[in-house]
Every structure is written in C-alpha cells, then in structure tokens.
Amino acid sequence: MPQELVIHTPENAEIRVPLAGMFSRATAFVYDLGIQVALLVVEHIVFIMILDNVRWRSSLLYHLGVVQGFYLIVVFVTIFGYYTFYELFKNGQTPGKKAYGLRVVSLGGQQVGLFSSFLRNFLRIADFMPFLFFAGVVSTLITERHQRIGDLFAGTVVIRTEE
Amino acid sequence: MTTPLIDNSDQRFSASLDNLESGESPRRRQAMAYLEKLGGLRAFQVAAALTGDADLVVAATARRICSEASKKGLILRTRLQAQPLAQTVSIKNFYQLLDEVVFIIRRNLTGVVLDSFLFSIPKFVLVTVFFLCPYYAALAELVAQAWVIIPAVVLYELFWRPLVWSSTGMAILAGFPENAMRRQSSRLSGSALYWQMLRSGLVEAVFYVFLLMAVFAWYLGFARDLWPAAIAFIVWFAIWVDSSLTMAAKILVAKPGAQLLWRSGYIGHFWLSLKFGVVLACLYFVITGSAVSLLWLFGLDNVLDWPRLFLSGFVIAADALLDPFVMGYRILMARLALDPRCL
C-alpha cells in the first residue's frame, strides 16, 4: 500500500491520496529535463542568430549587452519558469509528471499557488546539493510525505493520479 | 458496491460482515462503525478477530469494541487470530515498483537501518582501512596483498552475505503491507534459515567472488586488462537474472521444503534486471559523486590524490548503503512472482 496524503475536508470527510515515490518523481524529472534541454538548445541557436545580426546592425546594442542580458533572462525563465508555468496552468502537471501520472498539490490537496510553485522550483538549487540532487533524495526518503526541500518550504506534495 | 444496511438487526449484522469482507476501506470502516453501535457478544466476536487489521481505523475501532465489551464483563475464551484482508498495491510501471520497495523499507525503517548497519560493519571497516592507506604505508601494502583480500572477499560473499540476508531480509519483510508477510518475518530465524540462504545463494556468490577477484587482479597489475572481469560479470549477471530470486523466495515461503511455483514473468526477466542495473549504477554515481563533492566543499580534496583507492572506498560505502534497497527489490519481485499457494 503506498503511503498516503490524508486530507480532511470542512465536511469532516477524510480523503486519502497516494503519494508519489522518489523513483517516479526522478523519472518524471528526467523527462522534463529532456524537454528543457531541447528548449535551451533551440533558444541558444536563436540567440546566436540574433546576436550575429545585432553585431552588424547596431554596435551600441551589442556592446551594451542588451541581447546577452535578455538571453540570460530567457534561460532563467526556461529553467525555473517551465515548472511554475505547468504547475499553475496545467493543473500541477508538467509533461513529465503527466506521463508518469503525478501531480503537485498543496498539503490541503488544492492546486499550488504562484508563490508556492516558484519557491518549490527555485529551491531545486538546494535539493541539488552537494551533487545530483543528493539532498533532495535524502529529504524525500526521510520526510513523512516524501517531500524534497523545496516541497517542505512551499508546503506542497507530489501525489499519484489514477489517470 | 456497499451492501445496503436494512432495519432488521440480524440482516444489518450480516450486511456488516459482507462489507467487512470487501477490499474497500470505506465499506469496512462503515461496517465497523455499525458493529460499535450494535455492541454485545456478536460484535465482540467479530472485533476480536480484527484487532490486528492492516487498516488502522478498523483495528482501532475493533480494539474499542473489545474494550467496551470487557468493561461489560464479556470474556473471550479462545483467542481468535486476526484475519485481515490482503491489502492491494497498484503498481503500473517499473518506477512505481521501485517506489514500493522504498515504502516497504520505510514501514520498518528503524529495523532495516539497524540491521543493515550492523551487518555492514565489515564493509565500513574495509572503507576505513582504504581511507587510512595514504597515511600508513604498511596498511597500503597489506591491503594490496592477495592473501588478505581473497580470503576476506570469499568469507564475506560466501558466508557473511547469507547472514545479512537472513537478518535484514526479515526486517524488510516486517515492512510489507500484508499481515501474512509480517507474521512470516517473526516466524523464521536462526541457523536453519542461515543454511538455507547459504545453499540457495552459493552459485551466485561464487561467480560474484570471481568477478571481484578479476577486478582485483587488474587493480594489482596481475591481469593486463579487464576482459576476465567482463566475462565474469556476464556469467554472474546471467545467474543473477535466472536465479536471483531464490534467496528471497526462501525467506518468503513459510513451509520448509515447499516447491516454488512461479506465476509471473518477473523471474528471469532480462530487461527488467538490466533496467534495475542501470538504476543502481545511477544511484552509485549519485552517492559516490556526492561524497567526493562534500570532500571538495570541505577542502579535503587532497585525500583524492589516491583516486583508485578512494573510488573503491566510496563504491564499497555506497554498496553498504544500497544493500537493503537491493534486497528489498529482490524480495518484492519474488513476492510478485511467486504463486500465492506457496506462501
């Protein structure tokens, strides 16, 4: 029996939802990472093309580093905004999570908010420490609801869906 | 579908029994709530058999009914054995199977951690010796001697590993969701199980020793390349795939000498074993990489001047940490593959 998230509704009813384990989550992450890498490669090619164009057309823009700065913002958004976008607008499911039947919800079982989503994804940096998500793996193994560090701070959990 | 509870108390009682026999938690809990309300001898008799139920709500209600009944002076002359229904686990893919192994270990985490730590002491001693080698030349010379390493590996793999299996295996079994498995964990122990483990894992252990020896010979320069190790690995892996579940099955099967009946494709499944091997390799990489990163973060990276020695140390340490997981996986696979009539 998988371990469960127990949600008490205002009507005093009890809802039990199976929690996702470390391996399902890691696999979904690798799936999403593949998509992110593909996106970053495309962005980088576009950036090189634009930069090359700007260098010849506007030397001021090139030397001010506007395009380069914009590119860094785009990379940041791709890395961290990817998860936040899907968690907010696709019912807590990134493509990887959808493929493996997982969903991010708050501890009350509701959809995650903007702040929670951003926090849990930004703290992937802490989960990554010291190497290849070791801290995240340990946190998932020892916490009651299989939460990584980002989940603990944002008050979120990853559950298994029956779809 | 819930059996409707009608007005007549006899019929309601029998409907409650039907609901209790179902596999659905809400139905069983509803039935227990009715029995609690009903009270009396009949409810007491049913509740006494459910005090050890896997569903904690059902078990708690049953204990409450029993306590109320004893306050009223009811005594049970024969102690009924709890017969809860088997819990169902839905495993849809390979990764959920691995998750289930983690869930099983977590249910008896203290037992598993204590057991595996206790039986990993030889490995941790070896790791400590490896790490001390750069500081003590005599120690480094000693561990490079074939007459030290070969007996140590043979003793560990052939005689110590069955001990680990019989102890940590039982601790893992205690974390299974089914009561039958948990009962089995307290039933078997001692020398009989150890000899069973030794016999069933002998062939696999012998080839594993060959594999380690081939790597060791290459490390010391006795062998020029790693081809013998690769061949030993292929033979060992073939044995692992074919009979890897035997030791686990010995732990699961209650009746000694019972014939094992396999019902699913989990046993001898090459691709599944390969997939598991890849996952294990990733885990080794994460643990070893994290340990090296931590050393680097704390400014202790000068100890990495002996890369082969430290790498061996880290791999052995990772092996000790991952042992319970590998055992849990094999036991779960055996549980899924065995015909229930054997259990």
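Proteins get letters first, then strands, A, B, ... in listed order; numbering begins at 1 in each.
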(message) Can you confirm whether more than 12 heavy atoms, excluding those of B/Tyr284, are under 6.0 Å from its OH atom?
(response) yes
(message) With a 4.5 angstrom heavy-atom cut-off, is it the side chain or the backbone of B/Phe285 that approaches chain A, or both, or neither?
(response) both
(request) Identify the heavy atoms of A/Leu132 and B/Val286 that sit nearest to each other, and give their distance. (result) O-CG1, 3.7 Å
(message) For B/Val101, which atoms come within 4.5 Å of any heavy atom of chain A: side chain, backbone, both, or neither?
(response) neither
(message) Given heavy-atom pairs under 4.5 angstrom as the criterion, report whether the side chain, backbone, both or neither of A/Thr27 touches chain B.
(response) side chain
(request) Counting only heavy atoms closer than 4.5 Å, note whether B/Leu297 contacts chain A via side chain, backbone, both or neither. (result) side chain
(message) Just checking A/Phe128: does its CZ atom have more than 12 heavy atoms from other residues, nucleotides or ligands closer to it than 6.0 angstrom?
(response) yes
(request) Look up atom CG in A/Leu102 and atom CD in B/Gln96, then write down how far apart they are to the nearest 0.5 Å. (result) 7.5 Å
(message) Does A/Phe115 have more than 12 heavy atoms from other residues, nucleotides or ligands lying within 6.0 Å of its CZ?
(response) no
(request) Find out whether B/Asn93 and A/Phe23 are in side-chain contact, i.e. whether some heavy atom of one side chain is under 4.5 Å from a heavy atom of the other. (result) no
(message) Need one label for A/Leu141: side chain, backbone, both or neither, based on atoms under 4.5 Å from any heavy atom in chain B.
(response) both
(message) Would you say that B/Phe103 contacts A/Met22 through its side chain, given a criterion of any heavy-atom pair below 4.5 Å between the two side chains?
(response) no
(message) To the nearest 0.5 Å, what is the distance between OG on B/Ser290 and CZ on A/Phe133?
(response) 11.5 Å
(message) Ignoring hydrogens, what is the shortest heavy-atom contact between A/Glu144 and B/Arg106? Give both atom names and the distance.
(response) O-NH2, 3.2 Å
